[in-house]
Amino acid sequence: MPELPEVETVRLGLNKFLPGLKVKSVSFDWPKGFPNSKRLVDTKLIGSSILKVDRRGKVIIIPLSSGYSLLIHLKMTGQLVFTKDHDRFGAGHPNDSLVSKLPDRSTRVTFVFNNDARLYFNDQRKFGWVKLEASNGLYENNAFLKKLGPEPLEKDYTYEQFRNALSSRKKSTIKAVILDQTVLAGVGNIYADEGLFAARIHPAEKVENISQIKLRRLFKALIEIMSLSISLGGSSDRNYVDAEGKRGSYLKFAKVFRREGQDCPECGGKISKIRVAGRGTHVCNRCQKLKTSIDKK
DNA sequence: CACTTGACCTGTCCGC
DNA sequence: TGCGGACAGGTCAAGT
């Protein structure tokens, strides 16, 4: 999915349109993806108004006037697209839109508002979910939210927090650790690879083999790269779009992600694609030297 | 325990 | 063109 910068871009877009709208009806065809009972939906969602749109890690959180909140996780292929009226797509930007018509066959949930605006939750692979939970104590009660590590783009997030979270994971590969949402919330495969390249750390390096200088560089790089990506509307590798159905342009500036076979922009060597922490991983072996002894694969 | 691997799904791309 | 297999931005349960 959408990682922190993509989810934040969706949040910013939804926040322009949704607050104040009242939910008139909702339809969904994928019970696993929207597991709440019809009764809860009828009493806590239908007829309530949207207060605002928040984000925690990769989760969109929409508090409602009913005292309940919608939680939405886009996972790998989720989209949240708003339309001002159901005949026009992309909130008035049809020419920039990646999708031409909604709902489409990946639409799992459709929210209809009193003014006939709509919010479509699309999810090709059906990994994503929408849940309705009580707003009071949500961040401490929700099983997913309560485990999340700090928000990396908050002003008060420090290198010391980052280093301390890593200190109990010395035997793990650095990529596995920064992908762990309990260490810090929001990094996914794209920004892990880009951040590690910027810090000149090999993704398969064991944490214990990495110098403080490099870890500090990684901490800084992750924050800078994700901030830059938000300013560019995120990354559209496959089907990510923002709340208006538009693609993001960060990948044009990516140095290694999806660039296997191309020349490294720093040293001119070849970028290769390997597997680390079970994920496709992009690396320049000349810029990102591995100290950890290679156990044969 | 800490870490790794498969499962959850659908769609697309690549090689034969 | 058709078909099988690998793979895709995330997370969890089950395995070692």
Side-chain angles (χ1 to χ4, degrees), chain A residues 1-10 29-35 55-60 71-80 98-99 104-109 121-131 142-149 165-196 203-208 222 225-226 229-230 232-242 247-251 254 256-261 273-282 292 295-297:
Chain A
M1 144 176 146
E3 308 176 25
L4 187 152
E6 291 73 38
V7 179
E8 178 63 10
T9 300
V10 169
D29 73 342
W30 179 240
K32 256 188 183 173
F34 197 158
R55 177 189 60 76
R56 178 77 173 94
K58 302 174 189 172
V59 184
I60 294 271
L71 310 193
I72 305 171
H73 201 311
L74 303 175
K75 292 286 183 85
M76 303 277 254
T77 54
Q79 305 174 329
L80 272 176
L98 189 63
V99 201
D104 63 24
R105 66 181 158 165
S106 73
T107 300
R108 308 293 167 214
V109 186
F121 173 62
N122 294 341
D123 186 17
Q124 184 182 96
R125 290 174 74 178
K126 299 182 177 176
F127 290 171
W129 43 256
V130 176
K131 287 178 193 166
N142 177 269
F144 184 80
L145 295 180
K146 72 180 176 192
K147 288 184 306 189
L148 291 178
L166 265 55
S167 63
S168 60
R169 309 287 302 275
K170 291 194 181 313
K171 300 289 180 190
S172 299
T173 63
I174 183 65
K175 177 159 178 175
V177 174
I178 60 176
L179 285 174
D180 184 338
Q181 301 298 295
T182 70
V183 170
L184 73 169
V187 175
N189 210 31
I190 297 174
Y191 303 102
D193 284 4
E194 290 297 309
L196 288 164
E205 194 67 82
K206 298 263 194 278
V207 170
E208 63 186 354
L222 288 171
I225 288 168
M226 289 198 288
S229 182
I230 291 170
L232 294 167
S235 300
S236 288
D237 180 39
R238 322 199 88 208
N239 52 14
Y240 163 75
V241 292
D242 69 11
R247 304 173 62 96
S249 59
Y250 173 77
L251 281 189
V256 292
F257 189 83
R258 279 294 142 76
R259 296 194 183 279
E260 58 269 32
K273 187 168 179 188
I274 58 176
R275 193 154 277 269
V276 177
R279 316 292 304 277
T281 298
H282 308 78
T292 300
D295 40 13
K296 286 288 142 255
K297 268 269 148 68

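Letters A, B, ... are given to chains in the order of the sequence lines, protein chains preceding strands, and every chain is numbered from 1.
In this structure, the ring-ring contact (aromatic ring centres under 6.0 Å, His included) partners of A/Phe257, at least two apart in sequence or on a different chain, are A/His282. In this view, A/Ser229 and A/Tyr191 satisfy the side-chain hydrogen bond (donor to acceptor under 3.5 Å, both in side chains) rule, not counting sequence neighbours. Taking A/Asp123 as the reference, nothing meets the salt bridge (Lys or Arg N to Asp or Glu O under 4.0 Å) condition, with sequence neighbours excluded. Under the rule for a salt bridge (Lys or Arg N to Asp or Glu O under 4.0 Å), the partners of A/Glu208 that lie at least two apart in sequence or sit in another chain are A/Lys171. Among residues two or more places apart in sequence or in another chain, the side chain to side chain contact (heavy atoms under 4.5 Å, CB included) test is passed with A/Arg125 by A/Met76, A/Thr77, A/Phe127. Among residues two or more places apart in sequence or in another chain, the salt bridge (Lys or Arg N to Asp or Glu O under 4.0 Å) test is passed with A/Lys147 by none.
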Show each protein N/O and nucleotides 12-16 of chain C N/O combination with a separation under 3.5 Å, one pair to a line.
none

Are any protein N/O atoms closer than 3.5 Å to N/O atoms in nucleotides 6-8 of chain B? If there are, list each pair with its distance.
{"unit_1": "B/dC8", "atom_1": "O3'", "unit_2": "A/Lys32", "atom_2": "NZ", "d": "3.3"}

Enumerate the protein-to-nucleotides 11-15 of chain B contacts in which both atoms are nitrogen or oxygen and the separation is below 3.5 Å.
{"unit_1": "B/dG11", "atom_1": "O4'", "unit_2": "A/Gln124", "atom_2": "OE1", "d": "3.3"}

Just the atom pairs and distances: protein N or O near nucleotides 2-4 of chain B's N or O, under 3.5 Å.
{"unit_1": "B/dC3", "atom_1": "OP1", "unit_2": "A/Ser172", "atom_2": "OG", "d": "2.5"}
{"unit_1": "B/dC3", "atom_1": "OP2", "unit_2": "A/Arg169", "atom_2": "NE", "d": "2.7"}
{"unit_1": "B/dC3", "atom_1": "O5'", "unit_2": "A/Ser172", "atom_2": "OG", "d": "3.1"}

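Distance, A/Asp123 CG to C/dA8 C1': 13 Å, rounded to whole Å. Distance, A/Lys126 NZ to B/dT10 C1': 8 Å, rounded to whole Å. Protein atom CG of A/Asp193 is 14 Å distant from nucleotide atom C1' of C/dG10, rounded to whole Å. Nucleotide C/dA8 holds its C1' atom 11 Å from the CD1 atom of A/Ile190, rounded to whole Å. Computed from coordinates, the A/Ile274 CD1 to C/dC7 P distance equals 14 Å when rounded to whole Å. One atom, CG of A/Leu184, and another, C1' of C/dT11, lie 16 Å apart when rounded to the nearest Å. With rounding to whole Å, A/Gln79 atom CD is found 16 Å from B/dT10 atom P. Rounded to whole Å, atom C1' of C/dG10 lies 16 Å from atom CZ of A/Arg56.
Of the listed residues (A/Arg56, A/Lys58, A/Arg55), just one forms a salt bridge (charged side-chain N to carboxylate O under 4.0 Å, His left out) with A/Glu8, and that residue is A/Arg55.
Between A/Arg275 and C/dA8 there is a side-chain N or O to OP1 or OP2 distance below 4.0 Å. In this structure, A/His73 does not reach the C/dG10 phosphate: none of its side-chain N or O atoms is under 4.0 Å from OP1 or OP2. One finds no side-chain N or O of A/Lys273 lying less than 4.0 angstrom from the OP1 or OP2 phosphate oxygen of C/dC7.
Between A/His73 and A/Val7 the shortest side-chain heavy-atom distance does not fall below 4.5 Å.
A distance of 11.0 Å separates OH of A/Tyr240 from CZ of A/Arg247, quoted to the nearest 0.5 Å.
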With Watson-Crick and G-U wobble geometry limited to distances under 3.5 Å, how should the secondary structure of DNA chain C be encoded in dot-bracket form, using | for bases paired to another strand and [ ] for crossing pairs? .|||||||.|||||||

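Using a 4.0 Å heavy-atom criterion, one finds that A/Asp237 contacts the bases of the nucleic acid, with or without backbone contacts as well. Heavy atoms of A/Gly280 sit under 4.0 angstrom from primed sugar atoms or phosphate atoms, though from no base atom. Nucleic acid contact class of A/Gly278 (heavy atoms, under 4.0 Å, all strands): none.
At distances below 3.5 Å, not a single donor-acceptor pair connects side-chain atoms of A/Ser235 with backbone N or O atoms of A/Tyr250. A donor-acceptor pair under 3.5 Å links the side-chain atoms of A/Gln181 to the main chain of A/Val187, judged by distance alone. For the pair A/Glu205 (side chain) and A/Ile174 (backbone), a donor-acceptor distance under 3.5 Å is absent.
Residue pairs satisfying the salt bridge (charged side-chain N to carboxylate O under 4.0 Å, His left out) criterion with at least one member in residues 179-190 of chain A, sequence neighbours excluded, are listed as follows: A/Arg169-A/Asp180.
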